[in-house]
2 protein chains.
Amino acid sequence: MEEQTFSIRHVSAMSGVSIRTLRLYDEIGLLQPLVRTEARYRLYGKNELLRLQQILFYKELDIPLATIRKILDNPAFDTLTALYHHHKELLKKKDKIEKLLQTLTHTIQSIEGELQMNYDDLYQGFDTVTAEAYRKEAKEKYGVESVEQSEHALLSMKKKDFQTLQAMMRNTLENLFNLSHKPMNDEEVQGLIHEYYRIIRELWGTSSSEDSQAEQFIGLGQLYCDDERFYLVNNCYNKEFAEFMAAAMKYYAEKQLY
Amino acid sequence: MEEQTFSIRHVSAMSGVSIRTLRLYDEIGLLQPLVRTEARYRLYGKNELLRLQQILFYKELDIPLATIRKILDNPAFDTLTALYHHHKELLKKKDKIEKLLQTLTHTIQSIEGELQMNYDDLYQGFDTVTAEAYRKEAKEKYGVESVEQSEHALLSMKKKDFQTLQAMMRNTLENLFNLSHKPMNDEEVQGLIHEYYRIIRELWGTSSSEDSQAEQFIGLGQLYCDDERFYLVNNCYNKEFAEFMAAAMKYYAEKQLY
DNA sequence: TTAGACACTCACGTAGGGTGAGAGTCAAGT
DNA sequence: ACTTGACTCTCACCCTACGTGAGTGTCTAA
């Protein structure tokens with residue numbers, strides 16, 4: 001029995017995504033139809049519809065399309081994991097709106113003379129979109145301060161590049177978190193650590209350097225254990241996971257980097 | 001005593017909006033600094049900071065910049081009214097997230113075999129971005145069905161044009177709602193009705209027609225009273241306001257259009 | 001005066017589409 | 001078999017809202 005398929009118009013109607021957009025997604029390899037008929041018509045199946053949903057969730061989080069594709073095409077990608085991740089991010093979005101509502105209420109009160117408001121407070125809750133803010137986050141979260149070239153690399157890194165790396169890092173960490181019940185030297189775990197290492201190297205600005213920076217990588221893992229600011233997943237500090245990461249990173253460095 | 005002013009970097013830091021963006025906003029007349037020094041430096045004051053906040057709220061609602069400018073530059077613009085409007089829209093956004101969370105939960109349950117899910121339901125809560133959806137809304141809300149050229153005008157109207165008209169219409173209706181305690185023939189009220197008339201004409205595709213369409217305009221006002229689908233403000237049906245509108249539109253037509 | 005921080009304008013480029021033109025395909029009706 | 005309206009395709013131009021870099025001028029403290 002053949003799988004049920006849907007024309008591009010049908011998918012557009014179901015999903016609310018324009019036909020032009022669906023073609024764009026095909027073009028860039030983000031969402032390819034199940035079938036191209038002899039007439040070049042696109043026909044989509046169930047898996048494509050599910051993938052489109054994932055795309056829309058990631059879009060809701062302002063992830064660029066190229067990054068979405070990378071994430072979805074990763075062999076380690078898992079739909080359920082991603083859905084849980086989206087859930088958390090949507091809750092964050094909701095919190096943001098709460099904050100905006102608060103700012104709004106305060107502004108009204110300020111205008112009506114009921115309270116005094118600082119100028120800074122006018123903008124509480126709005127997204128900060130400057131490259132500078134992104135760099136600050138990198139410093140706080142990814143231990144780039146301790147690496148020589150990092151300051152320069154960070155200054156020259158473009159905002160989009162940083163966002164892409166960040167999204168992929170989050171994705172990798174999520175996957176690692178799901179495997180943290182396994183031994184840290186598990187093959188799959190170590191594969192993900194390898195990925196993590198390469199992303200960190202991009203952030204450090206040393207991705208093409210001969211020096212493998214094994215010790216720095218180990219040091220970063222240790223930093224996760226020592227400093228409670230480094231909550232890696234679930235928006236809270238998780239000691240067990242930090243230790244898991246540190247051990248896995250240390251093992252990876254010793255096996256692959258020395 | 002001179003007003004306190006802020007450099008562009010300061011405003012960027014306070015607001016999270018990039019310097020480049022602030023320059024762009026100046027360039028397009030959306031947010032002009034209080035002062036340009038002899039050196040061409042931009043200095044912003046209190047009113048500019050408040051205006052920037054308004055811009056950010058409108059941006060949060062995906063209103064195009066040119067439209068934001070039109071709204072803010074309208075003599076009838078009122079900050080408090082706008083803030084109340086933003087409040088409502090943010091609550092709507094929050095509802096949308098709730099819906100997405102629901103969709104997400106259902107998807108998880110569907111994958112885990114706990115329930116059966118239609119393909120359409122995969123996309124509940126996501127924005128519908130097709131021009132077709134916009135046209136449908138126009139038909140439902142602005143009485144375009146009853147006007148001859150409207151179908152053709154609607155088909156040829158671009159999505160952005162429609163969004164712009166829609167935003168301005170909402171804004172005009174908000175202002176009218178605030179004046180609905182006044183007589184419907186009040187000068188200010190009639191000024192806003194004039195605005196409303198011109199926007200409706202754009203939607204009808206008859207903005208440059210010699211025929212004033214007085215009767216159709218009156219008929220549209222009557223439609224608001226007769227059909228409970230036409231909730232104009234506050235996301236609910238408001239009979240008093242609908243009647244106010246109908247009367248004001250009738251009066252306007254009789255005085256200005258015949 | 002110097003030097004570093006800051007600000008300016010100009011201009012190129014990009015992401016993610018919207019839109020229109022022109023042509024081919026499908027399927028039901030005659 | 002032909003017609004016709006709905007559907008689909010590709011191509012190509014355009015747009016919004018910036019990001020980014022280059023080059024140059026301005027400010028201010030030392």
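Only this structure's heavy atoms are used, side chains among them; waters, hydrogens and symmetry mates stay out. First the proteins, then the strands, lettered A, B, ... as listed; each starts at 1.
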Separation of [X] atom [atom1] from [N] atom [atom2], in whole Å?
X	N	atom1	atom2	answer
B:Arg20	C:dA7	CZ	P	16 Å
B:Asp62	D:dT16	CG	P	16 Å
B:Arg9	C:dG4	CZ	P	16 Å
A:Ile8	C:dT25	CD1	C1'	15 Å
A:Ile19	D:dT8	CD1	C1'	8 Å
B:Ile55	D:dA17	CD1	C1'	14 Å

- For A:Lys59 and C:dG17, is the shortest distance between a side-chain N/O and OP1 or OP2 below 4.0 Å?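 Answer yes for this pair, as a side-chain N or O of A:Lys59 is under 4.0 Å from OP1 or OP2.
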- Report yes if a side-chain nitrogen or oxygen of A:Ser7 is closer than 4.0 Å to either non-bridging phosphate oxygen (OP1 or OP2) of D:dT8; otherwise report no.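 The answer is yes; a side-chain N or O of A:Ser7 sits under 4.0 Å from OP1 or OP2.
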Indicate whether any N or O donor in one side chain lies under 3.5 Å from an N or O acceptor in the other, for [X] and [Y].
X	Y	result
A:Thr107	B:Gln53	yes
A:His86	A:Glu60	no
B:Thr172	B:Glu195	yes

- ring pair (Phe, Tyr, Trp, His ring centres under 6.0 Å): which pairs involve residues 18-37 of chain B, sequence neighbours left out?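 As it turns out, there is no ring pair (Phe, Tyr, Trp, His ring centres under 6.0 Å) pair with a partner in residues 18-37 of chain B once direct neighbours are skipped.
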- Ion pair check, B:Lys92 and B:Glu89, cut-off under 4.0 Å: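 Judged by the 4.0 Å cut-off on N to carboxylate O distance, B:Lys92 and B:Glu89 do form a salt bridge.
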- Would you name the heavy atoms of A:Ile97 and B:Lys94 that are closest together and state the gap between them?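 That closest heavy-atom pairing would be CD1-N, 3.9 Å.
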- Query: Can you tell which of C:dG18, C:dG16, C:dA7 lies closest to the side chain of A:Ser18?
  - Reply: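 So the side chain of A:Ser18 is nearest to C:dG18.
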- Most 5' of A:Leu65 and B:His10 on DNA chain C, judged by nearest nucleotide: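 Of the two residues, B:His10 wins.
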- Tell me, which of residues 21-47 of chain A have any heavy atom that sits under 4.0 Å from an atom in DNA chain D?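 The answer is A:Arg23, A:Arg36, A:Arg40, A:Tyr41, A:Arg42.
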